[in-house]
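Every chain is numbered from 1, with letters handed out A, B, ... down the list of sequences.
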Amino acid sequence: MASLFRAYGRGLGALLILIATLWILALILVPLGAMIEQSLWWKDSKGDITLQIDRLYNDMATLQLDASGESDAAKKAGLEAQIAQKQAEATALEAQETNPPKTYGLANFTRMSGLHFYIFIRTIIYALMVTALALVVCYPMAYAVALASGPRKAIVLTVALIVPYAINELLRVYAWLMILDYRGVINGILGWLGMVDLDNRGWIPFLENPSAVFLAMIYTYVLFMVFPMVNTLETLDRNQIEAARDLGASSFRIHRRVIIPHAKPGIAVGCIMTFMLSAGSYSVPAIMTRGQGGDWFSQLVYRQFFESNNWNMGSAYAVSLLVVCTAFILIMMRLFGVGLRDIAK
Amino acid sequence: MSTANDSAGARLILNIYIGLFCLYLFLPLAVMSAAAFNSYDYPSVTQWRGFTLQWFVALAHDGRLIQGLLNSVVVALGVIAVSIPAGLAGALILTRLGQRSGTVLYSILVSPVLTPGIILGISSLIFWREFGVPGGLFVAVMAQSSFIASYAMLLFLARLQRQDRTLEEAALDLGASHTLVFRRITLPFLAPTAFTAAVVAFLQSFENYNTTVFAIGGEWTLVTEIASRLRFGLSPVINVVGVIFVALTLVAATTYVLLSSRKKAR
């Protein structure tokens with residue numbers, strides 16, 4: 001604090017602190033807290049409240065009838081007191097019916113249905129598979145960009161990697177949708193060759209296979225895997241590779257003992273970003289499957305919010321997803337020995 | 001380079017791999033672009049019915065897409081207005097903090113980058129509903145800014161690490177006020193980064209879908225409008241949007257390559 005004021009002066013220092021505080025509170029921490037709070041309560045909509053209210057009104061109607069036929073003033077007053085009491089009860093129950101009391105607890109998490117839990121686990125496994133595949137596919141590319149080509153070629157390759165990224169994520173998914181759709185490019189080519197019969201719906205349903213989502217997802221998030229690896233590999237002293245080769249190491253051994261150990265932080269960061277993006281991706285599965293293939297968990301979250309209109313349950317699902325992603329990040333940081341400052345390039 | 005020692009076979013395999021990888025990157029975009037000029041009303045390249053520009057005309061007359069484009073620009077400008085000051089403040093504070101308190105603050109400020117986008121959208125939606133603000137362009141700006149400000153901050157931090165502080169200290173010693181030093185030395189030093197950060201923020205905001213779809217409520221941006229149309233089937237008008245993006249990006253990328261290779265040659 002004191003060092004801030006010394007560096008920027010009182011007025012400016014205070015302004016900076018105010019802006020940063022607003023950012024932290026209004027954009028990061030309090031919204032997160034609000035979501036967690038929302039996931040921890042629910043409103044019971046008991047069907048029997050309605051029944052109780054109906055019964056009370058029935059009783060009141062009977063009492064009313066009795067009271068109108070009653071000539072004894074004392075008895076009539078007694079009946080009317082009873083009516084007033086029942087009316088008060090009914091009003092209280094009606095208030096509960098329209099605005100049921102909040103109940104706090106973990107039920108939103110434990111109430112997740114078997115199917116939804118299965119989809120949750122499957123999404124985690126899918127995201128892990130996407131991450132592993134992306135790592136395998138991207139490693140040679142990162143190696144080529146960082147080490148195996150001259151500076152000019154490296155620039156061209158870097159741009160080649162950035163260009164698809166600069167084009168909308170959604171349009172990149174759309175391109176794959178076009179290719180893999182029932183009447184898409186691949187089925188069209190197969191139709192030309194006479195291998196499938198498009199007129200009789202004899203196409204191959206690529207989109208109903210989970211690997212279609214994998215393909216589009218790796219395509220969409222490739223950059224987040226390649227760039228962290230390129231960043232770390234660029235700092236590798238090439239003499240190390242030459243030395244290893246001079247000492248008779250095979251290419252495979254050089255990769256395993258020299259290059260990959262050096263790339264470790266980059267691999268960790270790439271995996272963290274790819275896992276987080278794919279586990280939380282709504283765009284790719286929603287567009288690629290169009291409800292035909294298996295759902296991803298993010299689609300369930302979306303439906304809880306905008307179709308079932310159950311924000312409490314939806315928040316609980318979102319929190320579960322956040323917990324998994326955070327755990328993955330912590331595990332990777334531990335395993336690869338990287339700090340938070342390495343992650344943010 | 002080290003590749004001189006690689007065996008010719010290994011190099012060949014690597015080059016083939018790079019070729020295939022680039023094919024994987026660019027073929028889908030090429031297919032998407034080509035289909036925009038096909039007069040067949042389902043986006044296709046295998047069913048070629050002749051060259052046409054009719055889908056460009058259709059896009060120009062598509063009120064919702066045009067409105068979506070405008071909304072996207074409004075949201076992106078809003079995001080710039082929120083995230084550049086926030087990112088700048090965060091970076092200026094972090095560079096002057098001690099190791100320990102700095103790490104905690106840093107973790108909080110960077111955490112949105114590592115949070116799945118849908119969660120940022122959801123938490124903003126819930127938070128702003130407490131104030132009676134329903135999902136819409138404003139909530140979308142807030143949700144996107146939460147992580148785009150972090151990106152801006154990282155850019156500013158990287159720049160500040162290369163700053164020579166003696167300049168500021170000298171000015172202070174000579175009696176300049178803090179505000180004057182900030183305005184005449186710090187801000188000019190950071191100006192190029194602010195420009196880069198604004199461009200990055202604009203692009204990030206413009207293409208964002210996962211966060212926006214939860215925060216946007218009944219309104220729409222270009223991207224959410226495209227997504228909701230894809231549910232009902234494909235249309236070449238979407239391909240036209242794609243072509244425009246591809247063209248703009250290619251122009252920018254070529255300019256960049258030419259500029260950077262000229263810099264190298266110098």
For this session: Taking the side chain as every heavy atom from C-beta outward, state whether A:Met141 and B:Ile18 have any atom pair closer than 4.5 Å.
Result: yes
Exercise. How close do A:Ile287 and B:Ala227 get, heavy atom to heavy atom, and via which atoms?
Worked result: CD1-CB, 4.4 Å
Problem set entry | Exercise: identify the closest heavy-atom pair between A:Ile28 and B:Pro112 | CD1-CG, 3.8 Å
Exercise. Atom CG in B:Leu29, atom CH2 in A:Trp176: separation rounded to 0.5 Å?
Worked result: 10.0 Å
Seminar exercise, completed: Turns out that what part of A:Leu277 lies under 4.5 Å from chain B's heavy atoms comes down to neither
For this session: Sort out for me which of A:Phe305, A:Phe306, A:Trp192, A:Tyr174 touches chain B most, counting heavy-atom pairs under 4.5 Å.
Result: A:Tyr174
For this session: Would you mind checking which part of B:Leu203 comes under 4.5 Å of any heavy atom in chain A, side chain (CB onward), backbone (N, CA, C, O), both or neither?
Result: neither
Exercise. What part of B:Asn239 is in contact with chain A, defined as an atom under 4.5 angstrom from a non-hydrogen atom: side chain, backbone, both or neither?
Worked result: both
For this session: Considering only heavy atoms and a distance below 4.5 Å, find which of A:Ala175, A:Pro31, A:Ala160 pairs most often with chain B.
Result: A:Pro31
Problem set entry | Part of A:Ile254 lying under 4.5 Å from any heavy atom of chain B | neither
Problem set entry | Heavy-atom contact with chain A under 4.5 Å, split by part of B:Arg129 | side chain
For this session: State the CG-OG distance between A:Leu322 and B:Ser123, to the nearest 0.5 angstrom.
Result: 9.0 Å
Exercise. Which atoms form the tightest heavy-atom contact between A:Gln38 and B:Ile126, and what is the distance?
Worked result: OE1-CG2, 3.4 Å
For this session: Give a yes or no on whether the backbone of A:Tyr282 and the side-chain of B:Asn210 come within a donor-acceptor separation of less than 3.5 Å.
Result: yes
For this session: Please state whether the side chain, the backbone, both or neither of B:Leu88 comes within less than 4.5 Å of a heavy atom of chain A.
Result: neither
Seminar exercise, completed: Comparing B:Phe21, B:Phe206, B:Trp128 against chain A, the one with the most heavy-atom pairs below 4.5 Å turns out to be B:Phe21
Problem set entry | Leading residue by heavy atom contact count with chain A [cutoff under 4.5 Å; candidates B:Gly90, B:Ser111, B:Pro43] | B:Pro43
For this session: Sort B:Thr103 into side chain, backbone, both or neither according to what part of it lies under 4.5 angstrom from a heavy atom of chain A.
Result: both
Exercise. Which bit of A:Val137 comes within less than 4.5 Å of chain B, counting heavy atoms only: side chain, backbone, both or neither?
Worked result: both
Exercise. With no hydrogens and no angle check, is any side-chain donor or acceptor of A:Tyr143 less than 3.5 Å from a backbone partner on B:Leu14?
Worked result: no
Exercise. Looking at B:Pro85, B:Cys22, B:Ser107, which one has more heavy-atom pairs under 4.5 Å with chain A than the rest?
Worked result: B:Ser107
Exercise. Atom CZ in A:Phe297, atom CD1 in B:Ile118: separation rounded to 0.5 Å?
Worked result: 8.5 Å
Seminar exercise, completed: Counting heavy-atom pairs under 4.5 angstrom with chain B, the leader among A:Ala144, A:Ser315, A:Ser281, A:Pro140 is A:Pro140
Problem set entry | Which atoms of B:Thr95 approach chain A - backbone, side chain, both or neither, heavy atom under 4.5 Å | side chain
For this session: Please look at B:Phe147 and chain A and tell me whether the side chain, the backbone, both or neither of the residue comes under 4.5 angstrom of a heavy atom of that chain.
Result: neither
Exercise. Counting distance only, does the side-chain N/O of B:Tyr24 pair as donor-acceptor with the main-chain N or O of A:Tyr219 below 3.5 Å?
Worked result: yes
For this session: Under 4.5 Å, counting heavy-atom pairs only, tell me which of B:Thr179, B:Val113, B:Leu114, B:Val246 racks up the most with chain A.
Result: B:Leu114
Problem set entry | Top contributor to chain B interface from A:Ala34, A:Gly314, A:Ala20 [non-hydrogen pairs under 4.5 Å] | A:Ala34
Exercise. Relative to chain A, which of B:Gln204, B:Met142, B:Met153, B:Arg165 shows the most heavy atom pairs under 4.5 Å?
Worked result: B:Met142
For this session: Side chain from CB out, backbone as N, CA, C, O: work out which of these in A:Leu215 comes under 4.5 Å of a heavy atom of chain B, or both, or neither.
Result: both
Exercise. How long is the span from the CE atom in A:Met288 to the CG atom in B:Leu230, to the nearest 0.5 Å?
Worked result: 11.0 Å
Seminar exercise, completed: Honestly, the part of A:Phe5 sitting under 4.5 Å from a heavy atom of chain B is backbone
Problem set entry | Engaged part of A:Ile167 at the chain B interface, taking heavy atoms whose separation is under 4.5 Å | both
Problem set entry | CG on A:Leu16 to CG on B:Leu92, rounded to 0.5 Å | 5.5 Å
Exercise. When rounded to the nearest 0.5 angstrom, what distance separates CG in A:Leu171 from OH in B:Tyr209?
Worked result: 12.5 Å
For this session: Pick whichever of B:Ser150, B:Ala35, B:Ser177, B:Ala158 has the most heavy-atom pairs under 4.5 Å with chain A.
Result: B:Ser150
Problem set entry | Best-contacting candidate, A:Ala318, A:Ser283, A:Gly33, A:Gly11, against chain B by heavy atom pairs under 4.5 angstrom | A:Ser283
Problem set entry | Per-residue contact mode, B:Leu222 against chain A (heavy atom under 4.5 angstrom) | neither
Problem set entry | Structural part of A:Ile272 lying under 4.5 Å from a heavy atom of chain B | side chain
Exercise. Does any heavy atom of chain B fall under 4.5 Å from the side chain of A:Glu169, the backbone, both, or neither of them?
Worked result: both
Problem set entry | Toward chain B, the part of A:Ile218 with a non-hydrogen atom under 4.5 Å | both
Problem set entry | Which portion of B:Val82 sits near chain A, non-hydrogen atoms under 4.5 angstrom | side chain
Problem set entry | Portion of A:Ile24 that has a non-hydrogen atom of chain B nearer than 4.5 angstrom | side chain
Problem set entry | Contact winner vs chain B - A:Ser3, A:Ala7, A:Cys325, heavy-atom pairs under 4.5 Å | A:Ala7
Exercise. Which residue pairs pass the salt bridge (charged side-chain N to carboxylate O under 4.0 Å, His left out) test with at least one member in residues 85-96 of chain B, sequence neighbours excluded?
Worked result: B:Arg96-B:Glu168
For this session: Return yes if some donor-acceptor pair links the side-chain N/O of A:Tyr302 with the main-chain N/O of B:Phe214 below 3.5 Å, else return no.
Result: no
